[in-house]
Amino acid sequence: MFDGFLAPRYIGWMIDGLGVTLGLSALASVIALVLGFVLCVLRLSPSRPVAGLAAAWLSAFRNTPLLVQLFFWYFGVSALLPDSLMAWLNAPHRIGVEAFGAPWPPFEMLAGLLGLSLYSAAFMAEEFRAGIYSVAPGQTAAGRALGMTSTQIWISIILPQAVRIARAPLAGQVMNVVKNSSLTMAIGLAELSYAARQVETETFQAFQAFGLATLFYIGAVALIGGFSQLAWGRSSPPTGAAR
Amino acid sequence: MTAPADEPPADVPVVIDIQGVSKWYGAFQVLNDCALSVRRGEVLVICGPSGSGKSTLLKTVNGLEAFQQGAVTVDGVRLDDPKVDLTRLRSRVGMVFQHFELFPHLTVMQNLTLAQVKVLGRSQAEAQARGLIYLERVGLIDHRDKRPAQLSGGQQQRVAIARALCMDPVVMLFDEPTSSLDPEMVAEVLDVMAGLAADGMTMICVTHEMGFARRVADRVVFMDEGRILDDAPAKAFFAEGGVRSPRADAFLNRLLRY
Amino acid sequence: MNPSVITDNLIYFLVGPWPQGPLGGAALTVILTVLSAALSGVLGLVFGVLLSVLRGPWLAVLRLGLGLFRAIPVLMLIFWIYFLAPIAFGLDVPGVGSVVAALSLIGGAYLAHTVHAGIEALPRGQWAAASALGLSRRQTLWLVVAPQVLPRMAPSVVNQWIALTKDTSLAYVIGVAELSFVATQVSNRVMVYPAEIYLFVAVLYFILCAGFELAAGRLARRYRSLPA
């Protein structure tokens with residue numbers, strides 16, 4: 001079982017899995033960043049109902065396991081949606097112009113992307129909020145004293161500082177997206193962990209399969225950390241437990 | 001012939017002896033060949049511009065700051081002697097910090113008894129009895145069960161002085177004890193320090209309070225850029241046209257401008 | 001919505017096949033959480049203190065080790081322990097043991113940094129003052145540093161329990177019959193209403209986690225209002 005390395009065919013499976021992991025993580029991170037920012041703005045809204053709803057949304061997504069959320073989107077939603085829509089979603093078609101478009105993703109990919117994005121967005125929203133809260137209150141007063149409007153203060157004083165503060169923790173959250181993407185194997189998405197499990201079942205080379213997958217994960221996380229450190233001179237991941 | 005009143009006679013034993021001490025942070029020299037000796041009962045004030053190394057020099061006395069060259073002897077014990085129990089020695093050197101450094105999770109009385117019990121091995125009752133004596137002395141006996149955060153800065157600093165006194169120190173070190181106090185609280189702390197001096201405590205004070213130095217100190221040491229430039233009897237140092245280096249002159253003028 | 005699928009299987013969701021079979025369901029989730037929380041607390045404390053007192057190569061080794069545990073997915077670590085411990089050490093680690101070990105190691109690695117950050121946040125003057133009074137490093141750590149640092153860490157520790165509770169769901173992948181696993185069992189058996197089942201299970205997790213979140217918020221407010 002320790003003897004020899006994986007046959008090229010299986011290494012191919014693993015690399016395909018890595019590709020799915022990276023693609024899924026990248027897409028989910030972008031969606032989560034945008035959605036997280038919107039959720040943060042809603043959470044800080046002066047309207048009590050809006051802020052309350054946003055708070056409830058964030059709490060619901062942060063306080064339930066990603067695995068259960070994935071099961072809900074994958075098994076639950078497919079049962080709730082009309083059969084015709086499900087049939088359409090499952091049927092192969094192409095996005096975009098013929099010959100240039102990407103293949104239509106399988107349903108587990110859609111459910112996985114949705115689940116991972118919504119889950120991560122809730123954490124990103126909290127990082128944005130923490131960043132905004134840590135801008136010194138005196139800054140708003142200083143802006144007012146200079147005769148700026150609330151909007152001007154938000155756009156040119158608070159947000160630039162908040163983003164500067166939040167970007168390293170946000171990079172940490174992107175690392176969490178990569179790690180959390182491993183959970184989509186439970187709904188049958190053929191990403192890296194799924195591939196490792198497949199290879200292990202086929203070859204019984206558990207050490208090689210999980211070792212290679214672990215190296216890939218560490219590499220991906222280290223790349224994000226290295227980028228964050230190089231660009232902003234601070235190391236991630238966040239020391240907090242938010243994940 | 002008798003020595004002048006502000007200079008102790010030569011037969012009084014030396015408590016602290018600093019010889020040729022130099023210290024570097026990397027390439028930057030913070031202490032440059034400093035020499036100083038303090039006799040029992042002497043009150044020394046060290047002054048100088050910020051960054052001159054005065055706090056660093058003070059902290060070499062109880063081994064809180066290491067140094068690369070020279071020797072420090074406290075009450076006959078050389079600090080660089082490998083056989084020296086540094087924690088034991090520190091317990092005999094009282095220190096008062098700029099930011100008080102009381103332990104916020106303990107009451108005033110617990111602050112006073114902690115090291116007595118854990119370091120000197122005194123019983124709880126013995127430690128409390130001694131704590132009461134020194135709390136009385138700094139005028140805070142009614143506050144013994146409060147937490148540090150419930151006291152004013154001046155009160156906290158007086159507790160810190162009492163905490164150090166409980167250890168029966170051979171010398172008291174003061175590191176800018178009034179620098180972080182509101183102006184109206186400075187006097188209460190200086191009063192306690194003047195009282196200690198009057199009782200014959202050996203003291204080294206790093207401070208900018210020149211009024212205190214003039215009235216209470218026996219000797220004044222002026223430091224700049226890691227060097228001891230002046231070491232003179234207080235009277236002589238502060239006298240009009242007194243014996244002081246040009247830099248000390250300039251420093252005093254800046255302090256007294258407003 | 002059809003509530004009968006929930007009410008019919010309520011006991012199974014809560015305790016699994018117990019008392020006829022082994023304890024499972026939400027009860028096992030709670031047990032996994034409590035065990036991992038306790039173990040990760042011990043590991044976090046030990047490694048956090050070591051991060052503050054070690055110097056040189058040992059510190060680098062510890063940093064690297066903790067960094068690795070924080071860089072790999074929980075799922076991968078569970079696989080490592082579950083599939084490789086028998087091969088590498090001839091140890092047949094049961095599923096529950098694998099999950100608790102993996103969660104404790106990862107939780108401990110995160111907590112170590114919380115402990116370390118808490119110790120570093122204490123003003124250096126506190127160390128100097130204790131040392132000036134003649135307290136040894138060890139005495140300073142236990143009598144002066146720990147009593148100040150530990151209460152302030154309470155909110156992050158409780159927040160950590162939220163992550164632990166959610167991570168126990170990963171026990172599903174190696175067939176440990178905790179809440180997520182029995183949910184899929186019920187869902188596969190009845191073949192209908194998966195949305196209802198997973199929503200209900202989510203609510204159970206939410207009650208546990210939101211309870212911790214509430215407690216963490218309370219603790220944070222309490223220690224913020226406390227004089228520093």
Side-chain angles (χ1 to χ4, degrees), chain A residues 1-2 21 59-81 119 172 175-176 178-183 185-186 192-193 196-197 200 204 206-207 209-211 213-222 224-225 235-243, chain C residues 67-68 70-77 79-80 82-84 86-88 107 110-114 116-117 156-170 172-173 179-180 183-184 187-188 192-199 201-213:
Chain A
M1 51 211 59
F2 292 104
T21 288
S59 181
F61 279 91
R62 282 155 32 93
N63 286 322
T64 50
L66 174 58
L67 187 72
V68 174
Q69 292 182 29
L70 288 171
F71 284 159
F72 177 79
W73 297 120
Y74 184 68
F75 297 113
V77 166
S78 59
L80 290 181
L81 290 180
Y119 183 79
M175 296 183 194
N176 283 344
V178 173
K179 292 189 280 172
N180 286 334
S181 71
S182 61
L183 269 61
M185 76 170 278
L192 184 53
S193 300
R197 189 82 176 79
E200 190 265 340
F204 297 106
F207 185 81
F210 293 131
T214 301
L215 281 182
F216 281 158
Y217 279 117
I218 291 173
V221 167
I224 301 166
S235 73
S236 310
T239 50
R243 63 180 199 273
Chain C
L68 286 184
R70 299 196 305 160
I72 62 176
V74 184
L75 200 66
M76 271 293 132
L77 191 58
F79 282 156
W80 273 103
Y82 188 68
F83 290 107
L84 287 167
I87 301 171
Y110 276 93
L111 271 185
H113 285 266
T114 310
H116 176 58
S156 346
V157 172
V158 176
N159 270 319
Q160 175 79 27
W161 293 348
I162 299 176
L164 277 180
T165 306
K166 291 186 295 177
D167 284 349
T168 59
S169 66
L170 299 185
Y172 158 86
V173 296
L179 184 52
S180 302
T184 53
S187 181
N188 290 341
V192 284
Y193 315 123
E196 284 83 344
I197 291 171
Y198 291 116
L199 263 184
V201 165
V203 167
L204 286 185
Y205 277 111
F206 181 83
I207 291 169
L208 286 173
C209 294
F212 286 141
E213 193 180 44

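Being a predicted model, the structure only gives us computed values, none of them experimental. Chain A is the first sequence line, chain B the second, and so forth, proteins listed ahead of strands; every chain is numbered from 1. Side-chain atoms are counted along with the backbone in the values below, which use heavy atoms only and exclude waters and symmetry mates.
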Using non-hydrogen atoms only, which part of C/Phe212 is less than 4.5 Å away from chain A: side chain, backbone, both, or neither? neither
Residue pair A/Lys179 / C/Arg70: nearest heavy atoms and the distance that separates them: NZ-O, 2.5 Å
Which atoms of C/Leu68 are under 4.5 Å from chain A, going by heavy atoms: the side chain, the backbone, both sets, or neither? side chain
What are the two closest non-hydrogen atoms of C/Ser180 and A/Val68, and how far apart are they? OG-CG2, 3.7 Å
State, to 0.1 Å, how close C/Met76 and A/Ala196 come at their nearest heavy-atom pair, and which atoms those are. CE-CB, 4.3 Å
Find out whether A/Gln69 and C/Tyr205 are in side-chain contact, i.e. whether some heavy atom of one side chain is under 4.5 Å from a heavy atom of the other. no
In terms of the angle between their ring planes, are C/Tyr198 and A/Phe71 parallel, tilted or perpendicular, with boundaries placed at 30° and 60°? tilted
Worked check of side-chain contact (heavy atoms from CB on, under 4.5 Å) between C/Tyr193 and A/Phe75: CA-CA 9 Å; C/Tyr193 315 123; A/Phe75 297 113; over 6 Å; no
Drop me the distance from A/Asn63's CG to C/Leu208's CG, to the nearest 0.5 angstrom. 10.0 Å
Tightest non-hydrogen contact, residues A/Thr64 and C/Ala202, listed as CG2-O, 3.2 Å
Looking at A/Ala206 and C/Phe83, what are the two nearest heavy atoms and their distance? CB-CB, 4.5 Å
Compare all side-chain heavy atoms of A/Phe207 with those of C/Trp80 and state whether any distance is below 4.5 angstrom. yes
Where does C/Thr168 contact chain A at under 4.5 Å (heavy atoms): side chain, backbone, both or neither? neither
Region of C/Ile72 in contact with chain A, defined by heavy-atom distances below 4.5 Å: both
What's the shortest heavy-atom distance between A/Met185 and C/Leu75, and which atoms? SD-CD2, 3.4 Å
